[in-house]
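Data first, discussion second: the structure below is written as structure tokens.
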Amino acid sequence: MAATTCRLAAAPLGLAPLPRRPTTVAFAVAATGVKYGIRASRSVVIRAADGTGGETEVPEIVKAAQDAWAKVEDKYAVTAIGVAALVGLWTAIGAIKAIDRLPLLPGVLELVGIGYTGWFTYRNLIFQPDREALVSKIKSTYNEITGSSS
């Protein structure tokens, strides 16, 4: 019925009518009886653009992830840590949403964040010796975490 309406509305404007799709009625027998549904049948044709068949090149990041996963010795522990991280993230998001619903607290936390950002900028980023000290602190912390000396 909707296609007929579109066809009739498009005709006075000089537009081409929409193509018709054949519809078939599908019958599904359930334990309680017969259910009716209308399903549009479609024809899909897939062709390879470069003629190589179904071969596709895997991106570098996927290869790197596969190599990293193959090197992991204790896959169960890594999986458990990943699940725990997802549960922690879900919990943190829930807590943030709950705090956001409180009437006054989000505005106060915003002001605290803006104040801390200003203090951090003044203390570490405005003057060159402070910036150099911050960069060296970040590099030393990175080297401690990764265990590298570069």
Side-chain angles (χ1 to χ4, degrees), residues 1-10 12-13 15-19 21 23-26 28 30-33 35-50 54-150:
M1 181 134 185
T4 305
T5 307
C6 290
R7 286 178 201 285
L8 294 177
L13 299 174
L15 301 174
L18 296 173
R21 286 192 204 158
T23 57
T24 58
V25 177
T32 59
K35 294 185 178 181
Y36 301 95
I38 296 178
R39 181 183 65 189
S41 62
R42 297 180 184 178
S43 299
V44 178
V45 177
I46 300 173
R47 294 184 184 147
D50 56 358
E55 299 174 14
T56 58
E57 186 172 328
V58 180
E60 287 295 320
I61 192 164
V62 174
K63 289 179 183 177
Q66 289 173 341
D67 292 341
W69 184 251
K71 292 178 183 176
V72 172
E73 293 179 14
D74 195 3
K75 290 181 173 50
Y76 294 115
V78 172
T79 304
I81 290 171
V83 169
L86 288 175
V87 169
L89 181 65
W90 179 66
T91 305
I93 289 172
I96 290 172
K97 285 182 180 179
I99 289 172
D100 196 36
R101 281 189 235 122
L102 296 174
L104 189 60
L105 201 54
V108 171
L109 290 177
E110 240 179 273
L111 287 175
V112 168
I114 290 169
Y116 181 78
T117 302
W119 174 81
F120 182 84
T121 302
Y122 175 74
R123 175 148 168 117
N124 295 313
L125 300 177
I126 292 180
F127 303 110
Q128 185 175 1
D130 296 334
R131 280 195 305 266
E132 291 171 355
L134 179 65
V135 169
S136 67
K137 177 71 174 171
I138 291 171
K139 286 182 180 179
S140 67
T141 304
Y142 176 77
N143 290 335
E144 286 177 16
I145 292 172
T146 59
S148 63
S149 61
S150 58

L104, CG atom: more than 12 neighbouring heavy atoms under 6.0 Å: no
Results of side chain to side chain contact (heavy atoms under 4.5 Å, CB included) for I99 - residues two or more places apart only: L105, L109
Pairs flagged by side chain to side chain donor-acceptor pair (under 3.5 Å) wherever residues 89-115 is involved - sequence neighbours left out: none
Heavy-atom neighbours of I114 CD1 exceed 12 at 6.0 Å: yes
Set of side chain to side chain donor-acceptor pair (under 3.5 Å) partners for T146, sequence neighbours left out: S148
Partner set under side chain to side chain contact (heavy atoms under 4.5 Å, CB included) for K75, not counting sequence neighbours: W69, V72
Side chain to side chain donor-acceptor pair (under 3.5 Å) pairs, two or more places apart, involving residues 114-130: Q128-E132
Non-neighbouring partners of V135 that pass side chain to side chain contact (heavy atoms under 4.5 Å, CB included), sequence neighbours left out: K139
